[in-house]
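Contents: one structure, followed by commentary.
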Amino acid sequence: MREGLIIKGYGGFYFIKSGEETWCCRGRGRLRREQSPLPGDRVFFTPLEQGEGVIESIQPRKNALPRPPIANVDQVILLVSLAGPEPDLKLLDRSLVLCELKGLGVLICFNKVDLVDSEQGKELDKIYRSAGYQTILTSALYGTGLQNLRQVLAGKVSVLSGPSGAGKSTLLNALDPKFSLATGEISRKSKRGKHTTRYVELLPVGEGFVADTPGFSSLELPPMKRAELSRCFPEIYQFAGQCRFYDCVHINEPDCKVKNALEKGVISSSRYQDYQQFLEEVINKERIY
Ligand SMILES: Nc1nc2c(ncn2[C@@H]2O[C@H](COP(=O)(O)OP(=O)(O)OP(=O)(O)O)[C@@H](O)[C@H]2O)c(=O)[nH]1
Ligand SMILES: [Mg+2]
Ligand SMILES: [Zn+2]
């Protein structure tokens with residue numbers, strides 16, 4: 001038996017990367033009934049002939065995303081364009097909350113630096129760095145920041161996510177033109193087409209893998225408790241337990257360390273405003289278990 005990583009699956013076939021080789025495998029019947037294999041799964045398989053084989057077992061998963069369906073995701077890279085389309089910080093903050101809730105590593109990539117003056121990019125970058133996030137600045141068009149991107153992808157399974165038009169597919173093509181991912185209008189037209197199915201594929205970059213995903217334009221937060229929300233904002237969570245009231249939600253309470261930090265400019269007002277808005281949404285949906 002050999003060990004490998006599923007990089008793609010369709011029609012009951014799974015493509016498995018094992019060392020330098022790729023094998024096309026089916027799953028054992030028992031396996032198919034119990035747990036269907038996903039890209040990102042580490043598996044044991046029996047090689048047959050001509051690059052074909054049979055998957056015998058799936059190693060335990062550390063996590064699995066439903067959309068896109070990928071197992072063992074190490075990190076999500078949230079791609080936001082600095083212009084064309086304008087950055088939607090509310091959508092970015094929602095995406096960050098969802099990653100934090102799932103316990104996924106997350107990193108922000110600001111793309112299209114060529115379309116803004118460098119101060120604009122730096123300003124946004126600073127907000128998210130001081131919130132505690134790792135960030136990179138790129139231009140898929142001019143190849144800026146690609147080395148940094150390669151570095152963060154190394155040795156990991158990453159998912160590239162973000163609004164439609166941010167430049168996800170263009171950025172991956174810039175890393176390796178062989179990917180030939182559809183970009184721009186072509187990509188959007190094919191999404192509207194009825195008969196196009198999008199398969200998830202882990203693309204090899206150096207010693208790591210990255211999956212392109214279709215863009216989105218809105219996100220809803222799942223039901224959660226109000227205390228959970230503050231855990232999803234690292235710059236707020238760092239003050240946990242330090243306010244006068246143990247159950248402080250950092251809105252109107254006296255002696256609130258978070259409000260204090262906000263007034264001093266330690267916490268960014270745009271991040272805090274989004275926290276405020278999300279808190280309202282959470283309270284509206286809150287269920288006491
Ligand atoms: N100026 C500039 N344009 C870019 C850059 N990156 C991507 N674009 C353009 O932005 C448009 C959208 O790029 P895509 O790569 O299709 O965006 P996407 O995020 O994959 O979009 P979806 O697949 O719809 O989610 C294309 O016309 C690209 O040429 C960049 O760094 N600078
Ligand atoms: Mg795309
Ligand atoms: Zn507080």
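When a ligand or atom number is given, it counts from 1 through the structure's own listing order. Scope of the values below: all heavy atoms of this structure, side chains included, with no hydrogens, waters or symmetry mates. Bear in mind that the values here come from a model prediction, so they are computed numbers and not experimental data.
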Exercise for review: Specify whether Tyr275 and Phe233 have parallel, tilted or perpendicular ring planes, treating 30° as the upper limit for parallel and 60° as the lower limit for perpendicular.
Suggested key: perpendicular

Practice item. State whether Ser169 contributes an N/O/S atom found under 2.8 Å from the Mg ion (ligand 2). Key: yes

Check your understanding: What residue pairs, at least two apart or across chains, pass ring-ring contact (aromatic ring centres under 6.0 Å, His included) with a residue in residues 144-163?
Key -> none

**Study point:** Ion pair Asp255/Arg244, N-O distance below 4.0 Å
**Key:** yes

Check your understanding: Do any protein N, O or S atoms sit under 2.8 Å from the Zn ion (ligand 3), and which ones are they?
Key -> Cys243 SG, Cys248 SG, His250 ND1, Cys256 SG

Practice item. Name the option, out of Gly184, Pro214, Ala174, that contains the heavy atom nearest to atom 27 (O) of ligand 1. Key: Gly184

Point to revise | Heavy-atom side-chain proximity of Met224 to Leu229 below 4.5 angstrom | key: yes

Check your understanding: Using a heavy-atom cut-off of under 4.0 Å, does the side chain or the backbone of Leu141 touch ligand 1, or both, or neither?
Key -> both

Exercise for review: Only heavy atoms count here, so choose which of Asp212, Thr170, Asn173, Leu171 is nearest to atom 14 (P) of ligand 1.
Suggested key: Thr170

Review point. What part of Thr183, side chain from CB on, backbone N/CA/C/O, both or neither, has a heavy atom under 4.0 Å from ligand 1?
Key: both

Point to revise | cation_pi(Arg2, Phe44) dist<6.0 Å, angle<=45 | key: no

Review point. Apart from Leu160 itself, what residues make up its hydrophobic cluster, given side-chain heavy atom links below 4.5 Å?
Key: Ile77, Leu79, Leu107, Ile136, Leu146, Leu149, Val152, Leu153, Leu171, Leu172, Leu175, Phe179, Leu181, Leu203, Val205, Val210

Check your understanding: What pairs of residues pass the ring-ring contact (aromatic ring centres under 6.0 Å, His included) test when at least one of them lies in residues 20-43, not counting sequence neighbours?
Key -> Trp23-Phe45

Review point. Taking NZ, NE, NH1 and NH2 as the nitrogens, is one of them in Asp274 or Arg94 under 4.0 Å from a carboxylate oxygen of the other?
Key: no

